[in-house]
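Heads up: the structure comes next, in structure tokens.
Lettering of chains follows the sequences in order, A, B, ..., and the numbering in each one begins at 1. Please read all numbers here as calculations on a predicted model, not as lab measurements.
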Amino acid sequence: MPSSGYDAACLPDLLPLYYRRLFPFAQYHRWLNYGGVQKNYFQNREFSFTLKDDIYVRYQSFSTQTELEKEMLKMNPYKIDVGAIYSHRPNQHNTVKSGTFQALEKELVFDIDMTDYDDVRSCCSAAEICSKCWTLMTIAVHILDRALRDDFGFQHLLWVYSGRRGVHCWVCDEAARKLSVAARSAVAEYLSLVKGGDETVKKVVLTDPLHPFIRESLAVVERYFPQYALHEQEILSRKESVDKVLALVPEDILFLKELQQDFKNEMKPESRWKLVQDQATAKKGQHFEKEIMLQYCYPRLDVNVSKGVNHLLKSPFSVHPKTGRISVPMDLEELDTFDPLAVPTIRSATPLDKTETSLAKYVKYFDQFLDGLALSWKGELLKKSDLEKDF
Amino acid sequence: MQFSGRRRKVITSPQVELYGQALQFYGQPPLENMSLSEFESFAVDRLKLLKTIENLGVSYVKLSDDYKRKLDNESRNLNFPYRPDAVPDDRKSQVGPSEYEKRRKDHISHFILRLAYCQTEDLRRWFIQQEVDLFRYRFNGLQPKQKVEFLHKNNLQYDTISVEEKKTLQDKLVNSSHNVSGITVEDQDFYKVPFQDALDLVRTRKVYLKAGYVYIPHQDIVAIVLNDFRTRLSKALALTARSLPAVHSDERLQPLLNHLSHAYVGQDYSIQKNVGKISLEQIDSLSVKSFPLCMRQLHQALRDSHHLRHGGRMQYGLFLKGIGLSLEQALQFWRSEFIRGKVDADKFDKAYAYGIRHMFGKEGKRADYTPYSCMKVILSNLPSQGDHHGCPFRHSDPELLKQKLQFYKVSPSGISQILELVKGMHYQLACQKYFELTHSIEEASFSLNHPNQYFIESQRVLGGGKDIKREVGTPQRSQENSAARGSTTDREAAAAANAAKDLPEMTEDLDSFFQDA
């Protein structure tokens with residue numbers, strides 16, 4: 001990531017300012033309280049803080065928004081993670097009889113990390129990102145958002161930029177929060193198409209019939225593939241990259257040699273890709289051109305992050321200590337123009353004027369998200385009051 | 001559940017609500033008084049039914065016509081429900097117990113067996129497997145309307161989708177699953193099931209998923225229901241296990257429950273018919289020719305190390321008693337072998353002789369211990385390092401088993417057949433196959449469930465087939481016959497048992513029925 005003049009040494013000075021003036025405590029509490037439908041929902045939520053000098057404290061919990069504010073200002077956390085809602089207040093877990101302190105509910109979460117794509121991006125590696133490979137995140141969000149809504153019926157999805165090299169998704173529906181470990185893992189596996197580590201060359205294998213989910217995902221990938229893969233990543237331009245792509249084609253020596261020959265005469269990436277596609281359609285039951293597209297573009301998620309009810313994930317609006325960028329919610333209407341390098345940092349977010357900061361539009365978007373979420377718990381509150389005959 | 005001792009209580013008011021459906025999830029335990037003898041006979045009958053299910057499940061494809069027919073027969077013979085469309089009040093048109101009484105028996109016997117089979121992982125697994133298969137067979141027998149009714153009554157709020165919606169989704173449904181074709185969509189009802197109830201299908205993406213619901217054809221809804229049944233039963237057994245201490249404190253129940261959980265319904269070879277007919281010198285050759293693999297293994301280990309640990313001594317010692325060794329012979333046998341090892345005569349007399357006398361009922365509470373059945377060998381007392389007891393088909397690592405069979409000169413094709421059966425957890429059938437291969441016969445005329453039975457049958461085959469009181473037929477037929485004979489005599493036995501019988505007497509009745517003598 002290009003240097004933006006950020007130095008972690010500024011954190012001790014800038015964090016207090018950030019927490020005092022910019023961190024949206026009211027919205028944050030509104031979110032995690034979920035309308036107060038369930039008793040002690042906010043109070044039993046675990047937070048963890050990473051403090052200066054890498055001191056890590058777990059099982060933080062707070063009774064009210066005010067207490068949260070006070071503590072955060074006091075402790076000045078470099079990093080904030082959000083965990084599960086437990087059976088008891090996390091900060092009292094030591095007083096609870098052993099075995100009875102349990103994680104009960106949590107949002108269903110997904111973490112897409114750019115490093116998981118290192119084998120298929122040529123512009124950057126490890127923690128770096130640029131506008132070329134960021135498209136992978138765009139594709140990931142489109143595919144997963146569609147699937148979580150259309151296939152699974154979830155409605156309240158909060159997509160958040162992680163602050164460095166990826167995105168997170170928080171599925172906040174009540175049904176999602178109540179999912180078991182087995183169910184979370186099933187959802188994550190349903191959404192997984194790229195399988196295998198360093199030793200696996202071919203990471204996507206498709207068989208007939210192609211499940212509607214795969215077709216829908218392919219449709220998204222196809223929209224971006226020519227620009228992203230052929231032009232920006234140049235996967236069919238240099239010999240090295242071409243070899244990598246052709247390694248994913250089935251070992252029919254005859255037509256592989258044919259392809260390599262044709263490539264000698266055809267330099268334009270689109271034409272080369274067309275040759276690959278033609279070969280695929282010529283052979284019945286072959287999906288290798290789809291497999292190639294998916295291997296280069298389909299979202300790679302870490303099932304372990306999604307599986308655990310008690311998994312701790314970086315909080316929206318927290319600062320990323322290594323980049324200084326703030327984990328901001330992403331407005332999907334503007335997804336295709338989202339620029340991670342333009343996200344406010346703790347330095348640039350510092351207000352010149354109380355009413356307008358670069359963070360404002362993200363907070364506003366968060367408000368809209370919360371309005372939608374509030375509709376769902378309004379219904380719950382009505383039901384409850386009917387039952388209790390509280391008019 | 002209350003037990004009113006030996007009094008018989010008659011139910012006067014038919015509880016149509018309670019047994020309104022032929023099939024149930026066994027969510028609610030029975031709440032009535034009943035006699036001990038009915039308690040016992042219900043439990044034994046259900047055990048017979050479950051054992052039949054186990055055997056049929058191996059010999060036939062589940063839900064094939066043969067399977068269903070035989071299971072219908074067995075259910076009828078044991079007075080369990082078998083016609084799902086009969087109404088509980090329908091007493092007039094039938095001879096014998098009414099549908100209501102059959103369902104009551106089904107309900108109560110299930111809960112009794114839960115008490116017996118909740119104690120160990122193996123017992124639970126066996127019980128759940130047979131109950132799931134029984135449930136599958138019964139659910140399959142319901143009419144489509146009854147199936148939907150069953151689903152709704154049991155809080156599985158799965159609705160079917162309209163014909164129009166099916167048409168709209170046709171392509172997607174076909175493309176989501178290997179076993180859904182255009183015809184499937186046209187012919188079958190599709191159910192909308194919340195995805196949380198069909199995780200296996202979702203995880204593997206083998207089903208169409210829309211707005212949080214999976215769309216499952218009728219043929220597959222059974223899998224979901226079965227899974228639900230299995231889960232509920234598994235949880236229930238775990239809970240039952242916790243209340244066992246209270247149940248076991250009732251002296252009337254403990255012996256029966258123990259007997260049930262170790263029982264197999266058949267002969268127990270406690271009454272020795274051939275005492276003294278076998279000489280010690282014959283044992284080595286007999287172990288090769290006529291011993292089942294478990295006993296051959298134990299004998300070999302004894303000869304090799306001149307010692308066996310307690311589990312092995314019990315299993316092998318009782319087996320030897322069953323084949324006809326007298327107490328004197330047994331003492332001589334063990335003593336002479338142990339002395340070759342690290343044990344001197346004195347130590348043997350002090351430490352081991354007592355145990356052998358105990359086995360013959362000459363010490364302690366003078367109980368004449370019965371040789372272990374296959375089920376007992378397979379399920380109880382897992383062997384650990386240094387042990388040689390147990391069932392080789394169950395407890396040996398498949399590679400080691402293979403080597404052993406090769407060493408015992410079993411043909412490669414025979415070995416793979418045996419290993420297939422072991423993989424499917426059909427340990428007794430694997431042993432039976434071993435019998436067939438080592439005796440060079442096509443098909444054993446018996447259904448193996450006791451090591452001493454193996455020995456007797458082996459002697460029979462090697463002796464040229466004399467001493468045949470039972471007709472030589474296919475295993476299934478002889479099983480069916482004995483089952484048919486079983487139920488009538490059993491009913492008589494149960495009726496006689498009304499007049500207050502002890503458990504040992506009751507089991508003796510059963511034993512004497514099953515004996516061929």
Worksheet item: Which bit of Val207(B) is near chain A, if near means a heavy-atom gap under 4.5 Å: side chain, backbone, both or neither?
Response: backbone
Practice prompt. Could you tell me whether Lys210(B) and Glu216(A) make a salt bridge, using a distance below 4.0 angstrom between a side-chain N and a carboxylate O?
Written response: no
Response to the item:
Interatomic distance, CG@Leu294(A) vs CZ@Phe288(A), rounded to 0.5 Å, equals 14.0 Å
Fill in: Donor-acceptor under 3.5 Å (Arg177(A) side chain, Glu107(A) main chain)
no
Item to complete: Mark yes or no: Arg149(A) above the aromatic ring of Phe154(A), with NZ or CZ under 6.0 Å from the six-membered ring centre and no more than 45 degrees from the axis.
Response: no
Worksheet item: Does the ring center of His110(B) lie less than 6.0 Å from the ring center of Tyr117(B)?
Response: no
Worksheet item: Are Phe213(A) and Tyr208(B) an aromatic pair by the rule of ring centers under 6.0 Å?
Response: no
Item to complete: Among Ala183(A), Ser192(A), Pro212(A), single out the residue with the greatest number of heavy-atom pairs under 4.5 Å to chain B.
Response: Pro212(A)
Worksheet entry | For Glu131(B), the option from Arg230(B), Arg114(B), Arg46(B) that meets salt bridge (charged side-chain N to carboxylate O under 4.0 Å, His left out) | Arg46(B)
Response to the item:
Checking heavy-atom separations under 4.5 Å from chain A, one finds in residues 182-198 of chain B Phe195(B), Gln196(B)
Worksheet item: For Ser185(A), is it the side chain, the backbone, both or neither that has a heavy atom under 4.5 Å from a heavy atom of chain B?
Response: both
Fill in: Positions in residues 164-174 of chain B that reach chain A, provided some heavy atom is under 4.5 Å away
Lys172(B), Val174(B)
Practice prompt. Check whether Asp151(A) gets within reach of chain B through its side chain, its backbone, both or neither, counting any heavy atom under 4.5 Å.
Written response: both
Worksheet item: Going by an N to O cut-off under 4.0 Å, is there a salt bridge joining Asp302(A) and Lys307(A)?
Response: no
Worksheet item: With chain B, which of Leu179(A), Leu191(A), Val187(A) has the greatest number of heavy-atom pairs at distances under 4.5 Å?
Response: Leu179(A)
Worksheet item: Going by atom types alone, do His287(A) and Asp208(A) pair a side-chain donor with an acceptor below 3.5 Å?
Response: yes
Discussion item. Looking at Asn175(B) and His211(A), would you say the former's side chain and the latter's main chain have a donor-acceptor pair under 3.5 Å?
Written reply: no
Discussion item. Can you see whether Arg223(A) engages Tyr228(A) through a side-chain donor-acceptor pair at a distance of less than 3.5 angstrom?
Written reply: no
Worksheet item: Is the shortest side-chain N to carboxylate O distance from Arg232(B) to Asp228(B) below 4.0 Å?
Response: yes
Item to complete: Examine whether an atom of Leu148(A) lies under 4.5 Å from a heavy atom of chain B, and if so say whether it belongs to the side chain, the backbone or both; otherwise answer neither.
Response: neither
